[in-house]
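What follows is a single structure, written as structure tokens, with notes after it.
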2 protein chains.
Amino acid sequence: METLNAAELLAALGHESRLSIFRLLVEAGPEGLFPGAIGEKLGLPAPTLSFHLSHLTRVGLIRGQKESRFIRYSAEYATMDELIAFLTSNCCQGEACLPKTAACDTIAKRRNPGADVSGDTPAACCKPNE
Amino acid sequence: METLNAAELLAALGHESRLSIFRLLVEAGPEGLFPGAIGEKLGLPAPTLSFHLSHLTRVGLIRGQKESRFIRYSAEYATMDELIAFLTSNCCQGEACLPKTAACDTIAKRRNPGADVSGDTPAACCKPNE
DNA sequence: TCCATAATTCTATTATTATAGAAATATGGA
DNA sequence: TCCATATTTCTATAATAATAGAATTATGGA
């Protein structure tokens with residue numbers, strides 16, 4: 001992922017309404033939700049909601065699929081995954097930088113399958129990453 | 001982390017110059033960089049750079065420390081960590097959603113220490129998360 | 001066919017953010 | 001002290017994004 005593309009995704013999520021929409025869809029799982037339900041839950045007028053849904057769709061963070069009169073929106077997990085991989089790549093020069101995220105543990109583990117990674121203190125992370 | 005705060009962080013990163021600045025600092029590690037070096041590397045005029053540095057500082061993604069005539073900026077990894085934890089919490093209803101990120105593996109592993117998490121296919125993730 | 005409804009697109013307005021020159025501030029060295 | 005330089009703050013302007021009413025489109029049901 002390139003910087004420009006990542007910035008686009010981040011900007012799309014960098015708005016309270018859109019972030020809320022996205023998280024509703026992330027939590028809803030693959031079944032997703034219809035705009036009606038989202039709008040009701042978040043209290044957004046239909047045109048405003050539509051504006052944000054199309055923004056999120058354009059950048060590839062969600063996707064909408066027509067179903068008779070409705071449009072079922074769902075999160076595109078793969079896009080989110082790539083974004084987080086981008087953010088955490090080449091980080092921190094060997095410091096333990098992302099204990100809550102826990103991605104680092106797994107990366108360390110894959111590099112050295114015998115290591116114990118089940119504790120709370122993560123190994124150094126992310127150095128020779130993709 | 002609350003949605004509003006997360007949106008602020010994402011918006012701060014959702015600008016190509018700021019994202020580039022942040023990533024330079026992430027890669028620079030705890031030693032950080034001075035604005036001069038950043039500006040030169042990214043080709044940004046000093047006032048523009050300063051504007052973005054103060055934005056990133058205000059939201060807590062970086063921090064600046066005066067050192068004689070210079071100001072040493074460095075990434076605040078903890079903030080990034082919390083942001084990613086927020087983004088990946090309560091996701092995907094048991095689907096395997098973030099294989100590249102790899103956070104899911106570790107979360108699964110912590111839940112069930114005997115599991116093998118070293119392969120490329122992550123376990124279901126993130127369900128009863130913080 | 002006609003209506004109710006889901007959702008979008010059109011539109012104008014408002015609000016916010018980015019840009020970078022000019023001026024200001026602060027520090028160390030000559 | 002005086003100057004060069006790092007960085008910021010001030011300022012005006014330009015660019016972009018958000019909001020939501022009104023109009024439009026599409027679908028299923030009466």
Side-chain angles (χ1 to χ4, degrees), chain A residues 3-25 28 31-76, chain B residues 3-25 28 31-76:
Chain A
T3 305
L4 180 57
N5 185 218
E8 243 174 35
L9 297 178
L10 291 162
L13 293 174
H15 182 282
E16 200 182 2
S17 299
R18 280 193 299 269
L19 183 56
S20 300
I21 292 166
F22 181 72
R23 278 183 60 77
L24 273 183
L25 292 176
E31 281 164 43
L33 291 168
F34 300 114
I38 301 171
E40 196 172 1
K41 200 149 211 168
L42 301 180
L44 292 172
T48 301
L49 174 61
S50 191
F51 170 82
H52 292 309
L53 285 172
S54 84
H55 188 161
L56 287 167
T57 303
R58 180 167 45 74
V59 301
L61 279 163
I62 68 175
R63 127 179 90 142
Q65 189 157 358
K66 198 139 201 217
E67 261 179 50
S68 94
R69 225 186 328 181
F70 305 84
I71 297 173
R72 182 186 296 277
Y73 281 95
S74 55
E76 287 279 19
Chain B
T3 305
L4 180 58
N5 185 219
E8 242 173 36
L9 298 178
L10 290 162
L13 293 173
H15 181 284
E16 201 181 3
S17 300
R18 279 194 300 269
L19 183 56
S20 300
I21 292 166
F22 181 72
R23 278 182 61 78
L24 274 183
L25 292 177
E31 280 164 44
L33 291 169
F34 300 114
I38 301 171
E40 196 173 2
K41 201 148 210 168
L42 301 180
L44 292 173
T48 303
L49 174 61
S50 191
F51 171 82
H52 291 309
L53 286 172
S54 82
H55 187 160
L56 288 167
T57 303
R58 179 168 45 74
V59 302
L61 279 163
I62 68 175
R63 125 178 90 141
Q65 190 157 357
K66 199 139 202 216
E67 260 178 49
S68 94
R69 224 186 328 180
F70 306 84
I71 297 173
R72 182 187 295 277
Y73 282 96
S74 54
E76 287 278 19

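These figures come from a predicted structure and were not determined experimentally. Here is the naming used below: chain letters follow the sequence lines, and residue numbers restart at 1 for every chain.
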(message) Can you measure A:L33 atom CG to C:dA7 atom P for me and round it to whole angstrom units?
(response) 11 Å

(message) Please report the distance, rounded to the nearest Å, between CZ in B:R72 and P in D:dA6.
(response) 16 Å

(request) Supply the atom-to-atom distance A:L19 CG to A:L13 CG, rounded to the nearest 0.5 angstrom. (result) 6.0 Å

(request) Specify the separation, in whole Å, of atom CD of B:E16 and atom C1' of C:dA18. (result) 13 Å

(request) State the CG-CG distance between B:L9 and B:L61, to the nearest 0.5 angstrom. (result) 5.0 Å

(request) Not counting sequence neighbours, which residues clear side-chain contact (heavy atoms from CB on, under 4.5 Å) with A:R63? List them please. (result) A:S74, A:E76

(message) According to side-chain contact (heavy atoms from CB on, under 4.5 Å), who are the partners of B:A11, at least two apart in sequence or on a separate chain?
(response) none

Ignoring hydrogens and angles, write down the donor-acceptor pairs under 3.5 Å from the side chains of residues 35-56 of chain A, residues two or more places apart or on other chains.
{"unit_1": "A:H52", "atom_1": "ND1", "unit_2": "A:R18", "atom_2": "NH1", "d": "3.1"}
{"unit_1": "A:S54", "atom_1": "OG", "unit_2": "A:F51", "atom_2": "O", "d": "3.2"}
{"unit_1": "A:H55", "atom_1": "ND1", "unit_2": "A:R18", "atom_2": "NH1", "d": "3.2"}

(request) Could you note down all residue pairs passing salt bridge (Lys or Arg N to Asp or Glu O under 4.0 Å) where residues 51-60 of chain A supplies at least one of them, sequence neighbours left out? (result) none

(request) Name all residues meeting the salt bridge (Lys or Arg N to Asp or Glu O under 4.0 Å) criterion together with A:R72; count only those two or more places apart in sequence or in a different chain, and write none if there are none. (result) A:E67

(request) Calculate the interatomic distance between B:L42 atom CG and C:dT19 atom C1'; express it in whole Å. (result) 16 Å

(request) Report the distance from atom CZ of B:F70 to atom C1' of C:dA26, rounded to the nearest whole Å. (result) 12 Å

(request) For B:E31, check salt bridge (Lys or Arg N to Asp or Glu O under 4.0 Å) against everything at least two apart and list the hits. (result) none

(request) Write down the distance between CG (B:L49) and P (D:dT8), rounded to a whole number of angstrom. (result) 7 Å

(message) When the axes are fitted on five pairs at both termini, how much does the helix from C:dT1-D:dA30 to C:dA30-D:dT1 curve, in 10° steps?
(response) 20°

(request) Mind calculating the distance between CD1 (B:I71) and P (C:dT25) to the nearest angstrom? (result) 16 Å

(message) Across nucleotides 16-29 of chain D, 5' to 3', mark each nucleotide with B, S or - according to how protein heavy atoms within less than 4.0 Å reach it.
(response) --BBBBB---SBS-

(message) Strictly below 4.0 Å: does A:Y73 bring a side-chain N or O up to OP1 or OP2 of C:dT8?
(response) yes

(request) Grab the CZ-P distance between A:F34 and C:dT5 for me, whole Å please. (result) 18 Å

(message) Return the CG to CG distance between A:N5 and A:L10, rounded to the nearest 0.5 Å.
(response) 9.5 Å

